[in-house]
Amino acid sequence: MQRLAEQLATANARIAALEAERQQPPADRTPKDPKLPPPSEFSGKISEFRNFMAQCTLTLTMCPNTYTTDEKKVLFVISLLRGNALS
């Protein structure tokens, strides 16, 4: 009887541990961001501004794990500026 009680206690402890693991999302199951082509560079031409911003918004929205902070988002957009837009 003592042996059965020990086995039951071990099984209950294991069940509790598994339930606790299930409630915590594993780090390796974080969805990965899709690979998108980078937006076209922006040189400051007004007629291309809306398209540039739409491409940047799409990339930032589709890749939330890559661009996790406002600083990373701003640096991403700045990295695409050229010519007058960069000046």
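Position 1 is the first residue of the sequence, and the numbers go up from there. Quantities reported herein were computed from a predicted structural model and do not represent experimental measurements.
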Distance check, rounded to the nearest 0.5 Å: [X] atom [atom1] versus [Y] atom [atom2]?
| X | Y | atom1 | atom2 | result |
| --- | --- | --- | --- | --- |
| Phe76 | Thr59 | CZ | OG1 | 4.5 Å |
| Lys73 | Tyr67 | NZ | OH | 11.0 Å |
| Leu80 | Leu75 | CG | CG | 11.0 Å |
| Gln7 | Thr10 | CD | OG1 | 7.5 Å |
| Asp33 | Thr68 | CG | OG1 | 10.0 Å |

Of the non-hydrogen atoms in [X] and [Y], which two are nearest, and what is the gap between them?
| X | Y | result |
| --- | --- | --- |
| Pro64 | Thr61 | CD-O, 3.5 Å |
| Ile78 | Leu86 | O-CD1, 4.4 Å |
| Asn65 | Pro31 | ND2-O, 2.5 Å |

Heavy atoms from other residues, nucleotides or ligands near CD of Glu71 exceed 12 (cutoff 6.0 Å): no
Show me, pair by pair, the donor-acceptor contacts under 3.5 angstrom made by side chains of residues 34-50, not counting sequence neighbours?
residue, atom, partner, partner atom, Å
Glu41, OE1, Arg82, NE, 3.4
Glu41, OE2, Arg82, NE, 3.2
Glu41, OE2, Arg82, NH2, 3.1

